[in-house]
Enquirer: 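Okay, here's the structure, questions in a sec.
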Number of protein chains: 2
Amino acid sequence: MKQTRNTAAKTEILKLINHSPVALSHAEIQSALNGLCDRVTIYRVLERLITEDEVHKVVNLEGVVKYASCHSCSSEEKHIHTHNHAHFSCEKCKEITCLEDIEPSFKVPKNYQINEMNFTLSGICPNCR
Amino acid sequence: MKQTRNTAAKTEILKLINHSPVALSHAEIQSALNGLCDRVTIYRVLERLITEDEVHKVVNLEGVVKYASCHSCSSEEKHIHTHNHAHFSCEKCKEITCLEDIEPSFKVPKNYQINEMNFTLSGICPNCR
DNA sequence: AAAATAACGCAACATTGTTGCAAATACAAA
DNA sequence: TTTGTATTTGCAACAATGTTGCGTTATTTT
Ligand SMILES: [Mn+2]
Ligand SMILES: [Mn+2]
Ligand SMILES: [Zn+2]
Ligand SMILES: [Zn+2]
């Protein structure tokens with residue numbers, strides 16, 4: 001398998017995501033980086049960070065893609081990585097927060113092979129009320 | 001409130017969605033309509049159908065927006081409409097199916113006001129295995 | 001130091017979704 | 001049936017997001 005390198009772009013992007021309490025969009029990351037690298041590079045770095053299980057992708061109810069760090073994923077078990085926790089998407093401030101302690105229970109549908117799950121609650125976050 | 005009219009575009013789009021076993025994207029609807037109307041009109045009709053609670057919007061794990069009919073929503077209770085059922089997103093054929101009998105249980109997060117939920121399972125659908 | 005590999009910038013393109021405005025249409029009232 | 005009007009549509013223009021190819025730069029290995 002192809003090895004990976006640490007670059008300024010990758011370091012800064014990961015730092016941004018790790019230090020943010022909410023999930024960040026590509027646009028938000030780009031403006032925070034302040035011209036450090038090209039927007040295509042941001043897409044490619046995010047892709048890399050996901051395959052390396054450093055961050056995960058979250059999509060809100062409107063289809064907006066955001067990226068969040070993997071707090072609850074211990075580094076040892078990163079290869080068996082699944083983000084089976086819930087997310088909250090605020091309708092007012094549009095922020096996405098990981099609700100890492102919420103694991104929904106459900107009956108598994110017959111004949112379907114389930115690999116991942118996305119459980120997103122939306123409404124108003126504590127800051128907005 | 002503003003009244004709504006029945007047009008050829010609206011009728012055909014609703015028929016398409018109602019007769020499809022899986023959720024349809026704007027692009028799929030457009031190609032099925034075969035030039036019946038402009039693509040902007042499709043967006044506007046879909047918006048209308050959603051506010052009229054005829055269809056609902058589903059977003060898959062990659063952020064692709066699709067539209068599905070409201071089978072389990074009785075016409076009487078359309079004004080108190082919430083789609084609190086799960087969806088399945090196939091990683092192979094990319095189809096989205098409503099799993100209308102699956103309602104997940106979870107503990108409500110404190111301080112968050114929940115208005116909607118999106119519970120999407122993904123993996124391989126029965127047709128693809 | 002040289003070769004190999006990984007990451008990058010840039011340009012070009014595709015897809016998705018939005019907005020303004022004038023023309024067409026649906027539908028209810030006359 | 002005709003008329004009036006609010007609703008819907010088409011078109012053009014635009015914005016946002018994401019992808020690809022390719023030549024250049026940077027990092028790692030030999
Ligand atoms: Mn998360
Ligand atoms: Mn559904
Ligand atoms: Zn908020
Ligand atoms: Zn499938």
Side-chain angles (χ1 to χ4, degrees), chain A residues 1-17 22-68 89 91 93-96, chain B residues 1-17 22-68 89 91 94-96 118:
Chain A
M1 58 197 101
K2 180 165 150 178
Q3 78 169 45
T4 180
R5 295 177 183 176
N6 285 327
T7 63
K10 184 180 164 188
T11 308
E12 285 309 307
I13 291 172
L14 185 54
K15 197 187 292 176
L16 268 176
I17 296 175
V22 296
L24 299 176
S25 67
H26 173 277
E28 289 164 337
I29 292 169
Q30 183 178 16
S31 80
L33 284 179
N34 213 40
L36 173 74
C37 66
D38 195 78
R39 42 187 295 279
V40 178
T41 300
I42 301 177
Y43 280 115
R44 297 200 257 231
V45 166
L46 288 170
E47 215 175 288
R48 241 183 296 154
L49 288 174
I50 287 175
T51 66
E52 292 168 17
D53 285 328
E54 295 285 349
V55 307
H56 62 283
K57 201 174 180 174
V58 202
V59 177
N60 74 7
L61 291 196
E62 285 107 36
V64 178
V65 174
K66 306 221 173 184
Y67 302 87
S89 170
E91 292 165 0
C93 65
K94 306 292 178 192
E95 286 188 347
I96 293 188
Chain B
M1 60 198 99
K2 181 167 151 178
Q3 79 170 42
T4 180
R5 294 179 185 177
N6 285 327
T7 63
K10 184 181 165 187
T11 307
E12 286 308 307
I13 291 172
L14 185 55
K15 197 187 293 177
L16 267 177
I17 295 175
V22 296
L24 300 175
S25 67
H26 173 277
E28 289 163 338
I29 292 170
Q30 182 177 16
S31 79
L33 284 180
N34 213 40
L36 173 74
C37 67
D38 194 77
R39 42 184 297 279
V40 178
T41 301
I42 301 177
Y43 280 115
R44 296 199 258 229
V45 167
L46 289 170
E47 215 176 287
R48 242 183 298 155
L49 288 175
I50 287 176
T51 65
E52 291 168 15
D53 285 327
E54 294 286 349
V55 306
H56 62 282
K57 198 175 182 176
V58 202
V59 177
N60 74 8
L61 291 196
E62 285 107 37
V64 178
V65 174
K66 306 220 173 185
Y67 302 87
S89 170
E91 292 165 0
K94 308 289 176 193
E95 285 188 348
I96 292 189
N118 179 356

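Below, read A as the first sequence line, B as the second, and so on, with proteins coming before strands; counting in each chain starts at 1. Bear in mind the structure is a predicted one, so any value in this text is a computation, not a measurement.
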Enquirer: Just the rounded figure in Å: distance from C1' of D/dT19 to CG of A/D38.
Expert: 13 Å

Enquirer: What nucleic acid atoms does A/R48 come within less than 4.0 Å of, heavy atoms only: base, sugar-phosphate, or nothing?
Expert: sugar-phosphate

Enquirer: Keeping A/H26 on the side-chain end and A/V65 on the backbone end, is there a donor-acceptor pair under 3.5 Å?
Expert: no

Enquirer: Rounded to whole Å, how long is the line connecting atom CD of B/Q30 with atom C1' of C/dG17?
Expert: 12 Å

Enquirer: Can you tell me how far P of D/dC22 sits from CZ of A/R44, to the nearest Å?
Expert: 13 Å

Enquirer: Looking for any heavy atom pair under 4.0 Å, which part of the strands does B/N6 touch: base, sugar-phosphate only, or nothing?
Expert: sugar-phosphate

Enquirer: Is there side-chain contact between B/H56 and B/V58, with at least one heavy-atom pair below 4.5 Å?
Expert: yes

Enquirer: Once you round it to whole Å, what is the distance between P of C/dC10 and CD1 of A/I42?
Expert: 13 Å

Enquirer: Want to settle it: does B/T7 or B/E47 sit nearer the 5' end of DNA chain C, counting the closest nucleotide to each?
Expert: B/E47

Enquirer: With a 4.5 Å cut-off on side-chain heavy atoms, are B/R5 and B/K10 touching?
Expert: no

Enquirer: Taking OP1 and OP2 of C/dA7, is either one under 4.0 Å from a side-chain nitrogen or oxygen of A/T4?
Expert: yes

Enquirer: Could you tell me if the side chain of A/V64 sits less than 4.5 Å from the side chain of A/K94, heavy atoms only?
Expert: no

Enquirer: Specify the separation, in whole Å, of atom CG of A/L36 and atom C1' of C/dC8.
Expert: 11 Å

Enquirer: With no angle test and no hydrogens, is the base of C/dT5 tied to the side chain of A/R5 by a donor-acceptor pair under 3.5 Å?
Expert: yes

Enquirer: Give the rounded distance in Å between these two atoms: OH of B/Y43 and P of D/dA16.
Expert: 16 Å

Enquirer: Whole-Å distance between D/dA16 P and B/H26 NE2?
Expert: 19 Å

Enquirer: Contact class for A/V40 vs. all strands (heavy atom < 4.0 Å): base, sugar-phosphate, or nothing?
Expert: base

Enquirer: Round to the nearest Å and state the distance from B/E12 atom CD to D/dT9 atom P.
Expert: 12 Å

Enquirer: Would you tell me if any nitrogen or oxygen in the side chain of A/T41 comes within less than 4.0 Å of OP1 or OP2 on C/dC8?
Expert: no

Enquirer: In terms of side-chain geometry, is the basic nitrogen of B/R44 or B/E47 positioned less than 4.0 Å from the acidic oxygen of its partner?
Expert: no

